[in-house]
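Whatever order the structure lists ligands and atoms in, that order sets their numbers, starting from 1. Hydrogens, waters and symmetry mates play no part in the numbers below; they use all other heavy atoms, side chains included.
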Amino acid sequence: MAMNESWEQFKNQARLPKFAFPRRYDLFIKPDLSACVFSGTVLIAVEVVAETRFLVLNAADLAIDRDSVRFKSHKSDQELRPSEIVLVEEDEILVLGFLGALPIGEGIVTIEFTGTLNDQMRGFYRSKYEYNGEARNMAVTQFESADARRCFPCWDEPAFKATFKITMEVPSDLVALSCMPIVHEKVDGLDKILSFAESPVMSTYLVAIVVGLFDFIEDIMPDGTKVRVYTQIGKRDQGKFALGVAVKTLDLYKDYFAVPYPLPKLDMIAIPDFAAGAMENYGLITYRETYLLYDDRLSSAMSKQSVAITVAHELAHQWFGNLVTMEWWTHLWLNEGFASWVSYLAVDALFPEWNIWTQFLDETSSGLKLDGLAESHPIEVEINHVNEIDAIFDSISYEKGASIIRMLQNYLGPACFQRALASYIKRYAYSNAKTEDLWAVLEEESGEPVRDLMNSWTKQKGYPVISVKLNEHSLELEQTQFLSDGSSGSGMWIVPLTSCCCSYDSQTKFLLKTKLDINELTCRRNANKECGEGFWIKLNIDQTGFYRVKYDDELAAGLRYAIQANKLSLMDKIGVIEDSYALCVACKQTLSSLLFLLKSYGEEFDYTVLSHIISVSCAIANIVADAIPELSNDIRLILIDLLQSTAEKLGWDPKDGESHLDVMLRADILTALVKLGHNNTVHEALRRFEAFLNDSSTFLLPPDTRKAAYLAVMQTVSTSNRSGYESLLRIYREADQSEERVRVLGVLAYCPDKDIVLESLNLLLTSEVRNQDAFYGLRTSREGRETAWRWLKDNWEYISKTWASSSLISSFVHAIVWLFTSDEKAEEIEEFFASRVKPSFERALKQSLEEVRNKARWIRSIRNDRSLEDVVKELLPKA
Ligand code: BES
Ligand code: ZN
């Protein structure tokens, strides 16, 4: 080590140097909730493993008390004071430079500091609530991905695991929580000093602290683990559902991972201001209110389901993420993809009647959608700077990640997969792992070439479309990279292919490793009994593979027959329409043929399938309005006709004992009919809304159908007819439940009247809307999109400052940009952002622009569809 080396060598590095690492943090924190500041002292037991005169750790937005900083090695009695203390703002690091080399071995760094309880929903921040009509602050942490450094100086990377011994000084009347239980409490005047038990080794991003006024409910597991749900005072009953899910899920994961839950307690808490949906902090999971609270009378079936999925997701992280942690953010998908996948496993066990694995195809669809863009990225993505991390919490890490895990589990079989996971967890517990470590364990357990297979899915972006042609005795298969812009990329994959012919009893399964393959038909047309009435072949059985399939005309006709004759599984029905729609957007298939295919779903009554039919229908209605306005009304009537009889059968009123899925279907289908402008539905919606205004507990408008009614109101209001709008604003202002407020926000800008759109968007910038909720209010009508774009430009400076976090600012950009459908507009938008783009939303912007350009291309292809007019005539319901 050259003693004259400068601290500047640590600037602009992706990762901290490894010559010293933390073993134990002894952290004291004292927040002041009224002044919104905090002070703290941290003693970090550090192991110096290589010669150095520096200690380099992370710190950001903190004031370091320079006189307090010292290092005491176990080897000598002498306390060393750094000769240099440098805070490098851009890199968020704190460099302590000493005059001589630090002794190899353990020592303790002490640092005192102060900071601000910010209102950015990250680091150590304040959230606001009301108690007895009075405004109050609570203090909350959100450290993932790299914001622990905003609360205390630390080695803020997932691989630097250490133990945490936390002590807090807080006002005596408040509740303070952290990852571990309280072991000691001492009252000191108006304050109390709380000591929490020392944690097992863990990563900094999982540390959490919450201080405020709360109620809780509790359950105790047979092994003594205490599970609690904390809520605002008076709302603890709304935690019951989540508590039940948590207790059952903990038990299930303990068996699935073959390792008990590692901590003595688990708290889950609803936070009124929260940037993400939920956060898996070790032993103290934080949630948005809407993702934790459930009220039988006030919540929708959809909310119930998302609470269950979210709880199961965050609990999965307690093993997959917290006990075994990704080595670096490149492997974030291991955390998120896996937790997403396994949450469905848990929810399926708890609520088999929800058919949640079929609903999982929503995840696969959004993964495929994003990954079909040229501006996608590989699952394993290089991270070179801290400001690149947040942007990868996207559909690639989550939905594609979860989908390829499902694909692999299906290929290896559930028992083998589970055994391998259990041994992976055991092997890497209290440590870190990379993607290849998981593959190695799975390969060992299964004897299959897992590494090669999976590398083709995680190291390159995109996925293939398999084109199938039917010959006399064989199927001809060809893989090319699918891209939504209609081009074909150069990617190649090892594809676990499955197919079945005329029945699910005759299945084939093999790995497609080459570009082309010929597959002997297992059944002969007209020869097999099953094929008697109609011949069909379905590839990618139950959509377990992360790819699309393009059938030749004859096979496509066979599938239309199979759908009509109800021969296909729900998942396969979803797969056929999803692939067909995507191929249509990519201009590989005509809109005429897509409309024909949709017609074969006319008898469908299942939520899981119809939710996809509905989203395809709404997308078609939107694009034709721009592409072929002269046919758009007829197409609208065709789409209404497709949904109407099912909607009539369901009706508006809940039926005794009906299924969870029917309740969700009712909500979806009525909303769709309102969006499609179906007169009867709109009128009935308005009638029920009136009844609801007179009596908010009316049976005529339960939470599930309320969104449809609110949307209908917004379809009919205008500046000269504001009363419905005013009523919705009043409902928003008076609602005590976050779900209801979000429901109203979600429709306010979905209005044909541009002035109303502007008024609603402006509301998002006021203190009436919490920053966490503003993005719900960005859903704008086609008619309102120009207004919305102008509004975004006019307010850009304020918006980009206020919603700086990656996911929030990305949602602002995407919500408004993706509505457009022309190349000229894409250009204009690009120009505006040229000087304003930041890493936090750069990818989201590029992806949104790509979507716009793809739609422009799609429009051109629709205009060239010569058969469309005749097809529309043919499909038009006869009056
Ligand atoms: N670890 C994430 C929370 C997170 C997201 C932190 C982005 C930092 C940046 C958490 O486990 C998560 O995935 N939450 C989801 C909900 C879940 C049900 C998919 C979320 O917040 O949307
Ligand atoms: Zn997660």
| query | Should Arg288 and Asp773 count as an ion pair when the cut-off is N to O under 4.0 Å? | reply |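 Result for this pair is yes, salt bridge flagged.
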
| field | Salt-bridge contact Asp147-Arg150 (side-chain N to carboxylate O under 4.0 Å) | value |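 Yes, charged N to carboxylate O under 4.0 Å.
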
| request: Measure from NZ or CZ of Lys161 to the centre of the six-membered ring of Tyr430 and say whether it is under 6.0 Å with the direction within 45° of the ring axis. | output: no

| note | residues 379-394 vs side chain to side chain donor-acceptor pair (under 3.5 Å), sequence neighbours excluded, gives Ser145-Asp390, His377-Asp394, Glu380-Thr458, Glu380-Lys459, Glu382-Asn384, His385-Asn387

| field | Angular separation of His317 NE2 and His313 NE2 about the Zn ion (ligand 2), given to 10° | value |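 Here the angle at the metal atom is close to 100°, to 10°.
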
| request: Starting from the Zn ion (ligand 2), look over the N/O/S atoms of Glu336 and name the nearest one. | output: OE1

| Listed partners of Glu314 passing salt bridge (Lys or Arg N to Asp or Glu O under 4.0 Å), at least two apart |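 Salt bridge (Lys or Arg N to Asp or Glu O under 4.0 Å) list for Glu314, sorted by chain: empty.
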
| field | Non-neighbouring partners of Asp295 that pass salt bridge (Lys or Arg N to Asp or Glu O under 4.0 Å), sequence neighbours left out | value | Arg297

Distance dump, ligand 1 polar atoms to protein, N/O, under 3.5 Å:
| residue | atom | partner | partner atom | Å |
| --- | --- | --- | --- | --- |
| ligand 1 | 1 (N) | Glu144 | OE1 | 2.6 |
| ligand 1 | 1 (N) | Glu280 | OE1 | 2.6 |
| ligand 1 | 1 (N) | Glu280 | OE2 | 3.4 |
| ligand 1 | 1 (N) | Glu336 | OE2 | 2.8 |
| ligand 1 | 11 (O) | Glu280 | OE1 | 2.8 |
| ligand 1 | 11 (O) | His313 | NE2 | 3.2 |
| ligand 1 | 11 (O) | Glu314 | OE1 | 2.7 |
| ligand 1 | 11 (O) | Glu314 | OE2 | 3.2 |
| ligand 1 | 11 (O) | His317 | NE2 | 3.0 |
| ligand 1 | 13 (O) | His313 | NE2 | 3.0 |
| ligand 1 | 13 (O) | Glu336 | OE1 | 3.0 |
| ligand 1 | 13 (O) | Tyr398 | OH | 2.6 |
| ligand 1 | 14 (N) | Ala278 | O | 3.2 |
| ligand 1 | 14 (N) | Glu314 | OE2 | 3.2 |
| ligand 1 | 21 (O) | Gly277 | N | 2.5 |
| ligand 1 | 21 (O) | Ala278 | N | 3.2 |

| task | Evaluate the criterion salt bridge (Lys or Arg N to Asp or Glu O under 4.0 Å) for residue pair Asp437 and Lys434; output intermediate values, then yes/no. | result | CA-CA 5 Å; Asp437 298 326; Lys434 299 181 173 171; over 6 Å; no

